[in-house]
Amino acid sequence: MTPAHHWTARSFLRSAALGLLGFVGLAACGEEPAAEMMTAAPQVVDPNDCQPGYACSSPIPVKAVVVTMFEIGEDEGDVAGEFQLWKERRNLNVQIPFPHSHHDLFLEEETGVLVMVTGIGTMKSTASIMALGLDQRFDLSQAYWLVAGIAGIDPEDATIGSAAWAHYLVDGDLSHEIDPREIPEDWDYGYFARYTDGPNAAERPEPTGELFVLNEGLRDWAYELTKDIEIPDEENLVSERAMFTEHEVARTTPKIIKGDHVAAMTFWHGEMMNDWANHWLDFWTEGEGEFVTSAMEDTGTLQSLTYLDAIGRVDVDRVMVLRSGSNFTMPPPNFTAAEYLLRENEEYAGLEVALEALYLAGSKVVDEIVANWDVYAEDIPSAE
């Protein structure tokens with residue numbers, strides 16, 4: 001299928017889906033749709049006037065969805081997780097019940113920005129994104145999606161507090177595994193790809209959920225827009241970074257960068273696991289990607305968005321992933337992997353700076369999109 005035919009088919013699906021939603025919404029209210037009503041322009045309605053799981057008479061148009069994964073305690077006024085800065089700094093004036101998922105939705109009514117919390121882990125993110133994507137209260141057909149979450153960060157590529165815009169997302173769970181104590185002598189890792197004969201396989205099999213490739217032009221546009229943002233630093237991070245005497249980049253100040261992501265349900269840590277993550281991403285991207293960040297949810301999120309794109313509910317070419325380093329993926333010298341992981345579990349050294357970086361860069365992109373909606377509603381921005 002040519003790009004033009006692909007666009008036409010996708011547009012037809014969206015138009016058909018939205019038309020059906022309007023019809024179903026009226027039917028759900030027990031009314032016969034009059035001919036003039038079926039052709040009238042849709043009216044924006046309060047989502048709280050609609051029952052979760054059912055259609056509104058007209059779906060709520062959404063310009064951007066901000067996807068966060070967790071919150072700590074309350075949504076406001078205490079230790080911040082990924083959602084709290086968005087809640088405190090934006091006019092998220094409409095709370096929308098979302099009982100078929102992890103956390104209620106919040107809408108900034110005047111801009112059409114919707115912010116969600118998926119819950120931690122691939123399982124919850126997959127379910128939450130699908131629940132939103134199929135929620136007939138919303139028109140998400142032109143929405144941009146920004147995944148904005150913290151991550152482990154590779155000290156070979158960046159320092160804590162830095163935020164990386166991703167092109168490649170690689171799943172770290174879908175694989176074969178043999179305990180390292182039982183692997184053959186010529187294997188470096190016990191993890192290896194399905195449909196291969198071990199981690200030294202020369203050729204990559206066709207991905208079936210192991211690899212998702214984001215819109216590179218949109219990623220580069222977001223990076224160019226945010227690369228000069230100054231991320232506030234903290235004194236305690238200077239001493240933390242200084243311990244990484246063998247990694248020069250880890251001792252620098254935080255920046256907005258480009259870098260790729262491994263998503264796995266297991267919170268792994270250590271030099272050997274870090275080597276594996278670099279190998280795993282290199283293998284699945286055939287040498288094109290660069291492992292920088294590690295977290296849990298993003299391949300589940302992209303799997304749901306990919307399925308939703310196929311029926312015109314969303315546009316997967318409008319998805320961006322921004323991950324910031326709250327902690328390193330391996331320890332500095334003089335720490336074992338276990339010691340440093342347990343130390344970080346008490347409190348991520350770079351959490352506050354990482355959250356600030358996410359908001360500063362993420363909100364700049366979201367604000368640019370909604371401020372120029374007359375252009376970006378139809379034309380996806382690109383650095384190309």
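Formation of a donor-acceptor pair under 3.5 Å by the D260 side chain with backbone atoms of H167 is found in this model. Side chain of T226 to backbone of A361: no donor-acceptor contact under 3.5 angstrom is found. N372 places a side-chain N or O within donor-acceptor distance of the main-chain N or O of E368, the cut-off being under 3.5 Å. Using modelled atom types, no side-chain atom of S162 and backbone atom of P254 make a donor-acceptor pair closer than 3.5 Å. With E71 contributing its side chain and Q84 its backbone, the two residues share a donor-acceptor pair below 3.5 Å. E88 places a side-chain N or O within donor-acceptor distance of the main-chain N or O of G77, the cut-off being under 3.5 Å. Under a 3.5 Å cut-off, the side chain of S324 and the backbone N or O of A354 do form a donor-acceptor pair. At least one donor-acceptor pair closer than 3.5 Å links the side chain of R241 to the backbone N or O of T252. A donor-acceptor contact shorter than 3.5 Å links the side chain of R318 to the backbone of Q142. Side-chain atoms of R313 come within 3.5 Å of backbone N or O of G133 as a donor-acceptor pair.
No more than 12 heavy atoms of other residues, nucleotides or ligands sit less than 6.0 Å from atom CD of E235. Heavy atoms from other residues, nucleotides or ligands lying under 6.0 Å from CD of E74 number 12 at most. Within a 6.0 Å radius of CD in E234, more than 12 heavy atoms belonging to other residues, nucleotides or ligands are found. Atom CD of E271 sits in a sparse spot, with 12 or fewer heavy atoms from other residues, nucleotides or ligands closer than 6.0 Å.
Within the 4.5 Å cutoff, the side chain of F138 has no heavy atoms near those of the V65 side chain. With contacts defined as side-chain heavy-atom distances shorter than 4.5 Å, the pair I120/H102 does not qualify. With a 4.5 Å cut-off on side-chain heavy atoms, F70 and I150 count as touching. K63 has its side chain out of reach of V113: every pair of non-hydrogen atoms, C-beta onward, lies at least 4.5 Å apart. Side-chain atoms of F98 and R137, non-hydrogen and from C-beta on, do get closer than 4.5 Å to each other. Contact annotation: the side chain of T118 approaches that of I129 to within less than 4.5 Å [non-hydrogen atoms, C-beta and beyond]. Within the 4.5 Å cutoff, no side-chain heavy atoms of D135 are placed close to those of P52. Counting heavy atoms from C-beta outward, M69 and V67 have side chains that approach closer than 4.5 Å.
The two residues V321 and L169 come nearest to each other via the heavy atoms CG2-CD1, 4.0 Å. Summarising the geometry of S326 relative to E344, their closest heavy-atom pair is O-OE1, 4.1 Å, with the distance given to 0.1 Å. Across all their heavy atoms, T122 and M296 have their closest contact at OG1-O, 2.6 Å. Closest of all the heavy-atom pairs between A201 and T196 is CB-CB, 3.7 Å. Annotation for T329 and P155: closest pair OG1-CD, 3.7 Å, computed over non-hydrogen atoms. The shortest heavy-atom contact between G161 and A357 is O-CB, 3.4 Å.
With 3.5 Å as the limit, one finds no donor-acceptor pair spanning the side chains of R90 and S363. For the residue pair N327/H269, the side-chain donor-acceptor check at 3.5 Å is not satisfied. Side-chain atoms of E109 and N91 form no donor-acceptor pair, as typed in the model, at a separation below 3.5 Å.
Among V370, L92, L114, the single residue meeting the side chain to side chain contact (heavy atoms under 4.5 Å, CB included) criterion with E108 is L92. Checking each of Y144, Y376, W165 against W221 for a ring-ring contact (aromatic ring centres under 6.0 Å, His included) leaves exactly one that passes, namely Y376. Between L107 and the choices N93, I60, V115, the side chain to side chain contact (heavy atoms under 4.5 Å, CB included) rule is met once, by I60.
Rounding to the nearest 0.5 angstrom, the gap separating the OG1 atom in T68 from the OH atom in Y359 is 13.0 Å. Considering CG of N334 and CD of E339, their distance stands at 9.5 Å, rounded to 0.5 Å. With rounding to the nearest 0.5 angstrom, the CE atom of M320 is 10.0 Å from the CG atom of L214. The distance from the CG atom of N215 to the OG atom of S382 is 6.5 Å, given to the nearest 0.5 Å. Here the CG-CG distance, from D157 to N278, works out to 6.5 Å after rounding to the nearest 0.5 Å. The CG atom of D75 sits 5.0 Å away from atom CZ of F106, with the distance rounded to the nearest 0.5 Å.
Cluster partners of M123, by chain and number: M265. The rule joins Ile, Leu, Val, Met, Phe, Trp and Tyr whenever side-chain heavy atoms lie under 4.5 Å apart. Residue F291 belongs to a hydrophobic cluster whose other members are Y168, V170, Y189, Y191, L211, V213, V262, W268, M273, W276, W280, L281, F283, W284, with links defined by side-chain heavy atoms closer than 4.5 Å. Under a 4.5 Å side-chain heavy-atom cut-off, the cluster of Ile, Leu, Val, Met, Phe, Trp and Tyr residues that includes L342 has no other member.
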- Query: What do the steps show when you test V319 against T301 for side chain to side chain contact (heavy atoms under 4.5 Å, CB included), and what is the final call?
  - Reply: CA-CA 10 Å; V319 179; T301 293; 5.9 Å; no
- Message: One pair to check against side chain to side chain contact (heavy atoms under 4.5 Å, CB included): V292 and K258. What are the steps and the verdict?
- Response: CA-CA 8 Å; V292 174; K258 294 191 283 189; over 6 Å; no
- Item | side chain to side chain contact (heavy atoms under 4.5 Å, CB included) between M130 and T126, worked out | CA-CA 6 Å; M130 186 61 74; T126 306; 5.7 Å; no
- Item | Full working for side chain to side chain contact (heavy atoms under 4.5 Å, CB included) between L132 and L140 | CA-CA 9 Å; L132 176 58; L140 301 162; 4.1 Å; yes
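Note on V316: it clusters hydrophobically with V147, by side-chain heavy-atom contacts below 4.5 Å among ILVMFWY residues. In the hydrophobic clustering of this structure, I72 groups with F83; members are Ile, Leu, Val, Met, Phe, Trp, Tyr whose side-chain heavy atoms approach within less than 4.5 Å, directly or through other members. Connection of I369 to I256 is established within a shared hydrophobic cluster, with ILVMFWY side chains joined at heavy-atom distances below 4.5 Å, either directly or through further cluster members. Hydrophobic cluster membership is shared by L134 and M116, with clusters built from Ile, Leu, Val, Met, Phe, Trp and Tyr side chains linked at under 4.5 angstrom. Residue V366 is not grouped with residue V314 when hydrophobic side chains (ILVMFWY) are merged at heavy-atom distances under 4.5 angstrom, including chains of intermediate members.
For residues 244-254, there are no salt bridge (charged side-chain N to carboxylate O under 4.0 Å, His left out) pairs, not counting sequence neighbours. Among residues at least two apart or in separate chains, ring-ring contact (aromatic ring centres under 6.0 Å, His included) pairs with a member in residues 232-266 are F244-F328.
Of the charged side-chain nitrogens involved, at least one lies within less than 4.0 Å of a carboxylate oxygen, so that R343 and E240 count as a salt-bridged pair.
Taking E156 as the reference, nothing meets the side-chain hydrogen bond (donor to acceptor under 3.5 Å, both in side chains) condition, with sequence neighbours excluded.
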